[in-house]
Amino acid sequence: MGSTGRDDDVEGTPERLARVEREVTALRERERFLTRLIHSSLNGVYIYDLRGGRVVFINRQYTRLSGHTLAGLQARTTEEFFELFHPDDRARVHAHLAEVAAAGDDDMIEIEYRFRDNDGAWRWCLSRNVVFSRDEHGEVVEFIGTFIDISSRRVAEEARLEYERRVNHAEKLKSLGVLASGIAHDVNNMLGTIVGNAQLAMHTLERREDARDPLRQIVATVESAASLCNELLAYAGEHDVEIQPIDLNQLVVEMQKLFSVPLTGAVELKLELRDALPSVDADPAQLRQVLLNLITNAIDALEGRAGVVAITTGVAARSGEALARAAKRGDRSGGDFVFVAVEDDGCGMSADVVARMFDPFFTTKQRGRGLGLSAVLGIVESHGGAIEVHAEVGAGTTMRVLLPPSSRARGEGERERETPWSGAGRVLVVDDNPGLLAVTSGLLRHLGFDVVTARDGVEAVERFAARPDDFVCALLELSIPRLDGVASLAMIRALRPGLPALLISGRGHSPPVDPAQTGGGVMFLQKPFAFETLRAALKRLLEP
């Protein structure tokens, strides 16, 4: 028999076996190469079985980055494995797996998530996943993915975003400050017109007390409104503290109408004011803020029930030991103090609340800011005073503000009132607000001055230059058009060195006046100003 196919097959078997062996060896070399390549990667590599819900392969870098081993991961149930993902990220991870299951072979799908390492720390990871195998129906069985630790990048990104947030917040606050300053300036101009005309009417109706009383109420209300403008200016960083002798009794009486605004019909306000009360050296706007805060808290303590809020003034002696028990910071020696107390018969406070009531941001109110009493304490301490608190749950609260008596003798002010000062000569008044220009001119004429007016800086310099020797003083609004108040004054002083001047503004801060430019003899007056304030300022300028 000759050779057959079978004989050929038998004879060809060694050759085929050798070929198969060579192919197997090549495949093993390729597998060994790919395995080394995967394990030497700087990225973590894994294969995930979608149907089994478990990891079936990880490389060495995966273990180095996460601390987890393949055996440790496979020992976890699917639920236990997903506990390694941050709770806030698990829903996204599940959605990502569904997206991979529907992906094409060439699709690469990314996700960022937090993963707990073997030490329990959360790490931010970036994963890129592609389909690895499919079943006979084309459904995805496994996908292969890589991941890198991006925790440092995320921390840097969050720090950058936080920095941008703070910068944006600071810019918003700055914008609000500019807005607050502008509003206060415009409102102070309007208030200045109101108070000036009211005071002119009061002086015109000197013998008509029935007409003067309503005008006094107008002036008092304007001053209270001006104090609110000062708070806006303080927020904008443009409010100068103005310390002057203050009669607490007069302050309380002037604010009585304002106190009554938040009162309901069931709340009674009582005033018990001591006669001949010594003055205190204080900023009136800040003292108004103190009183308004204390009154508001007392009304809130009544919780809508009927009750009494009493305001009492007087003089009290306190030892250093007594002051040490009061709300204050720093040492304070004993002595006599002028006080104003606000008492209510409301819900009272526990000892724990009293101990924390002056802490910033501490509040027992549902909508409280927790800044009121902290600000009150800061104001009182800046005036050299202290606050005494007496409170009991269900038995009401008494807040007593202690302030040192004024260093100025009371008789000085009385003598000034007995002999009102008046002036003479020509005064230049510059303001771009027609109402204020008219009312300031009227006040100056009432004091005995001849008045020349101007609406802007250039017009002011021109009118002054026509007869510079005739003028005894100049009053200039800071924010006038064409040439501002400081620049106008410099040009006026070039024509008439040493001319006394009042710089006026609805903003709260004193202007940066260069003595080399102006040569001294300059005062600042904030709008709205009272008639007596203007009189006193002119007297100091013209009779130094």
Side-chain angles (χ1 to χ4, degrees), residues 227 230 234 239-256 259 270-295 297-298 309-344 349 351 353-360 372-392 396-417 536:
S227 72
N230 287 336
H239 176 59
D240 285 341
V241 174
E242 182 184 353
I243 301 298
Q244 60 190 61
I246 300 295
D247 183 341
L248 283 178
N249 285 346
Q250 182 179 349
L251 189 71
V252 170
V253 170
E254 289 175 352
M255 295 185 69
Q256 186 174 1
F259 293 154
K270 286 186 176 181
L271 302 186
E272 300 175 10
L273 310 180
R274 169 178 162 168
D275 294 334
L277 190 70
S279 299
V280 296
D281 290 326
D283 178 80
Q286 290 190 337
L287 281 193
R288 290 188 184 99
Q289 183 180 346
V290 168
L291 286 172
L292 281 174
N293 269 287
L294 296 183
I295 290 291
N297 283 348
V309 174
I311 305 176
T312 307
T313 61
V315 177
R318 291 292 185 270
S319 65
E321 291 77 9
L323 291 175
R325 295 190 294 271
K328 67 180 187 62
R329 290 182 287 268
D331 296 330
R332 189 91 69 241
S333 57
D336 289 336
F337 290 84
V338 182
F339 72 81
V340 56
V342 178
E343 181 180 2
D344 66 75
M349 294 183 288
V353 173
V354 171
R356 299 184 58 195
M357 63 188 296
F358 295 106
D359 292 347
L373 288 179
S374 177
V376 165
L377 180 58
I379 291 172
V380 171
E381 288 187 329
S382 70
H383 287 76
I387 303 177
E388 293 179 331
V389 182
H390 300 283
E392 185 178 342
T397 302
T398 300
M399 304 276 289
R400 183 176 288 106
V401 175
L402 303 167
L403 296 169
S406 173
S407 57
R408 177 181 174 181
R410 189 176 182 86
E412 294 179 28
E414 291 174 352
R415 283 193 297 272
E416 287 181 8
R417 288 191 292 270

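Source: prediction; values computed, not measured. Worth knowing before you read on, the calculation uses all heavy atoms, side chains too, and leaves out hydrogens, waters and symmetry mates.
- Taking CD1 of I387 as the start and CG of L403 as the end, the distance is 9.0 Å to the nearest 0.5 Å.
- The two residues S279 and P245 make their nearest non-hydrogen contact at CB-CB, 4.3 Å.
- Q250 meets the side chain to side chain contact (heavy atoms under 4.5 Å, CB included) test with D247, E254; sequence neighbours excluded.
- Counting only heavy atoms from C-beta outward, the side chains of V340 and L287 never approach each other to under 4.5 Å.
- Summarising the geometry, atom CD belonging to Q244 is positioned 7.5 Å from atom CG belonging to D283; distances are rounded to the nearest 0.5 Å.
- Atom CG of L277 sits about 5.0 Å away from atom OG1 of T313, to the nearest 0.5 Å.
- Counting all heavy atoms, side chain and backbone alike, D336 lies closest to P405 at O-CD, 3.3 Å.
- R400 CZ to F337 CZ: the interatomic distance, rounded to the nearest 0.5 Å, is 13.0 Å.
- Counting heavy atoms from C-beta outward, N297 and V342 have side chains that stay 4.5 Å or more apart.
- Among all heavy-atom pairs drawn from R274 and N249, the shortest one is O-ND2, 2.6 Å.
- For the atom pair M399 CE and E343 CD, the distance stands at 12.5 Å (nearest 0.5 Å).
- Nearest approach of F339 to L402, heavy atoms of both residues: CB-CD2, 3.6 Å.
- For T312, the side-chain hydrogen bond (donor to acceptor under 3.5 Å, both in side chains) test picks out no residue, with sequence neighbours left out.
- You'll find the side chain of I295 reaches within 4.5 Å of the side chain of I311, heavy atoms only.
- Nearest heavy atom pair, residue D281 against residue S406, reads OD1-OG, 2.7 Å.
- Minimum heavy-atom separation, V380 to A386: CG1-N, 3.4 Å.
- Note: I246 CD1 to R288 CZ = 7.5 Å, rounded to the nearest 0.5 Å.
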